[in-house]
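Written out below as structure tokens is the structure these notes cover.
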Protein chains: 2
Amino acid sequence: MALEQPTGKNDGQGSGRRNQNVPTPPPVSAATVTRMALYLRELQQLHRSGQVRIQSSVMAKRLGLNDSQVRRDLSCFGQFGQRGIGYSIPSLTKAIQAILGTDRSWNVVMIGAGNLGRALAGYRGFNQQNFRLAGIFDSDPEKVGTVLGALTIRSLQDLESVVESEKVDLAILAVPANSATLVAQRLEVAGVTGILNFAPVTVRTPGSGLTVVDVDLAVELQRLAFAVINQKNS
Amino acid sequence: MALEQPTGKNDGQGSGRRNQNVPTPPPVSAATVTRMALYLRELQQLHRSGQVRIQSSVMAKRLGLNDSQVRRDLSCFGQFGQRGIGYSIPSLTKAIQAILGTDRSWNVVMIGAGNLGRALAGYRGFNQQNFRLAGIFDSDPEKVGTVLGALTIRSLQDLESVVESEKVDLAILAVPANSATLVAQRLEVAGVTGILNFAPVTVRTPGSGLTVVDVDLAVELQRLAFAVINQKNS
DNA sequence: ATATGTGAAAAGTTTCACAGCC
DNA sequence: GGCTGTGAAACTTTTCACATAT
């Protein structure tokens, strides 16, 4: 795992009957979801290089996976391939985007305009995947009013009103550890449904419908250090 | 799971006999390693708040895990607790640091001084966990020579000589996707043993002793979008 | 001939439950 | 009483292997 991030379990959706043609997901593991995003990334790269078809074995090799796993992951969501042929890159791309929800645009706010927040706000990859930055906030009066790319840094006081007026879905939390929980609570109350948390704390998810994905850069380096020390390769 | 970065498998070390008092690791999953880093983070926070002891049940609740899992993870590396009492925060902290390899300092170079590279270079969390930034590189002549915190951005041409003279162990790759593989190869040849890869590509790990941990910010947002759409909470 | 989709087996991970020690 | 460490059970995920389709 990269996992892994804090593991996090199965979906357990198991809601019984599938409805007519919506690809209602069966139980899908978080690991599968992560791999779906990687398949999408590879498909987009293959598309740029002019390819139109791919086989599970080729995808598997590119990502260092077993080909059966690629097919099993995809089969959680439907039948996208053609036997004897493989998968059409354009249609599989669209299918995975629909599965991940990136076939529509998401409005995102960035909280924290420190080093990390400013860098992430400028990161091209977000826009490319249909995430639109609708605002960036900081509590430091010195930063408020500063222009950053197409946006002006706003006061944290404006958070709730912007979340409402811009119909914000998701937030990226790039604030210090000690303010993360409080900001997360405000975000939840304001109606944000998902947080990508870069603060090195476990954001208490109070109960209802708030989903948190954690990315702790120090944790990633520690994973790397461990892996280096305990080398897999002889 | 929040899963996960490209999963990455078990260690499978199973090298037979354990040697005398080195805590030679038994097979340990990547998920366990990630949780070890989270335990360390919590221990450090508890220490700052003056605590000296902790129980597996308390740690589990803080991280949203099962208490048995906490004990099982720790028991992969030794017996750190006292029955009836719990774990000493200072000694468990030291033990986990030794396990993760952060009881000694690691020399790290940053490749890429774009938005993300500059932000990561300024990130406090790295130094706090014993990762020392020994250099930052970019191929853009306009950036070379620019001062960034305590460091001056250097030309990519100097990469190999700095890796050698500064005894660099790890690299953080924050370059565009199209140059990532080439830079990774140079790093490996130069003697770097681990890469934390922020470029949105699978870095081909040519064969020998190079460990790569991937962090793709777009993938993380896609995981979040999926989780929001497929809400677990009723 | 080639490659998907999927039951069934294998492998891995988490949780239970309790013996053992404080 | 309280809490760890760990066998064994339960559960999840991956891989195999092959029927099925082009």
Side-chain angles (χ1 to χ4, degrees), chain A residues 1-14 23 26-36 38-39 51-61 63-89 91-92 95 232, chain B residues 1-14 23 25-36 38-39 52-61 63-89 91-92 95 232:
Chain A
M1 203 147 30
L3 307 326
E4 244 88 324
Q5 309 309 93
T7 304
K9 258 328 113 74
N10 214 342
D11 241 351
Q13 273 229 346
V28 175
S29 73
T32 292
V33 175
T34 301
R35 286 190 299 265
M36 294 297 285
L38 295 174
Y39 302 151
Q51 299 276 73
V52 298
R53 233 172 243 310
I54 184 148
Q55 290 72 44
S56 61
S57 56
V58 175
M59 179 64 83
K61 198 175 284 173
L63 292 170
L65 304 171
N66 179 295
D67 60 309
S68 182
Q69 179 157 67
V70 174
R71 298 196 298 277
R72 172 82 59 191
D73 283 338
L74 297 174
S75 77
C76 290
F77 302 98
Q79 305 198 163
F80 304 111
Q82 285 197 92
R83 292 172 196 229
I85 306 287
Y87 301 85
S88 149
I89 288 175
S91 26
L92 188 55
K232 298 136 220 282
Chain B
M1 145 189 21
L3 270 201
E4 244 119 296
Q5 307 316 90
T7 303
K9 261 321 119 74
N10 215 342
D11 241 352
Q13 270 226 347
V28 175
S29 73
T32 292
V33 175
T34 301
R35 286 190 300 263
M36 292 298 284
L38 294 174
Y39 301 151
V52 298
R53 234 173 242 311
I54 182 147
Q55 289 73 44
S56 61
S57 57
V58 174
M59 178 65 81
K61 197 175 283 173
L63 292 169
L65 305 170
N66 179 296
D67 59 311
S68 182
Q69 179 156 69
V70 174
R71 297 195 298 275
R72 172 81 59 190
D73 284 338
L74 297 175
S75 77
C76 289
F77 302 99
Q79 307 198 160
F80 304 111
Q82 285 198 94
R83 292 170 197 228
I85 305 287
Y87 301 85
S88 148
I89 288 174
S91 26
L92 188 56
K232 297 136 219 283

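Keep in mind that what you see is a predicted model, and the values were worked out from it rather than measured.
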Query raised in the report: Please, which pairs that meet salt bridge (charged side-chain N to carboxylate O under 4.0 Å, His left out) have at least one residue in residues 65-87 of chain B, sequence neighbours excluded?
Result: B:Arg35-B:Asp73, B:Asp67-B:Arg71
Query raised in the report: Residues two or more places apart in sequence or in another chain: which of them pass side chain to side chain donor-acceptor pair (under 3.5 Å) with A:Ser91?
Result: A:Ser88
Query raised in the report: Given D:dG5, C:dC16, C:dG5, which nucleotide is nearest the side-chain atoms of B:Arg72?
Result: C:dC16
Query raised in the report: Which nucleotide, D:dT4, C:dT14, C:dT13, lies nearest any side-chain atom of B:Ser29?
Result: C:dT13
Round to a whole Å and report the spacing from [atom1] of [X] to [atom2] of [N].
| X | N | atom1 | atom2 | value |
| --- | --- | --- | --- | --- |
| B:Arg71 | D:dG7 | CZ | C1' | 13 Å |
| A:Asn66 | C:dG5 | CG | P | 15 Å |
| A:Gln69 | C:dG12 | CD | P | 13 Å |
| B:Phe77 | D:dT4 | CZ | P | 18 Å |
| A:Asp73 | D:dT14 | CG | P | 7 Å |
| B:Asp67 | C:dT14 | CG | P | 14 Å |

Report summary line: So, with a heavy-atom separation below 4.0 Å from DNA chain C, the residues of residues 79-87 of chain A are A:Gln79, A:Phe80, A:Gly81, A:Gln82, A:Arg83, A:Gly84, A:Ile85, A:Gly86, A:Tyr87
Query raised in the report: If an axis is fit to five pairs at each end of the helix from C:dA1-D:dT22 to C:dC22-D:dG1, what is the angle between the two, to the nearest 10°?
Result: 10°
Report task. Scan residues 51-59 of chain A against DNA chain D and write down, sorted by residue number, each residue with any heavy atom closer than 4.0 Å; if none is found, say none. Result -> none
When you compare the side chain of [Y] with that of [X], does any pair of heavy atoms fall below 4.5 Å?
| X | Y | result |
| --- | --- | --- |
| B:Phe77 | B:Thr32 | yes |
| A:Gln69 | A:Met59 | no |
| B:Phe80 | B:Ser75 | no |

Report task. Could you grab the distance from atom CG of B:Leu92 to atom OH of B:Tyr39, nearest 0.5 Å is fine? Result -> 10.0 Å
Query raised in the report: Roughly how far apart are B:Ser57 OG and B:Asn66 CG, rounded to 0.5 Å?
Result: 10.5 Å
Query raised in the report: Taking it one step at a time, do A:Gln55 and A:Ile85 satisfy side chain to side chain contact (heavy atoms under 4.5 Å, CB included)?
Result: CA-CA 7 Å; A:Gln55 290 72 44; A:Ile85 306 287; 5.7 Å; no
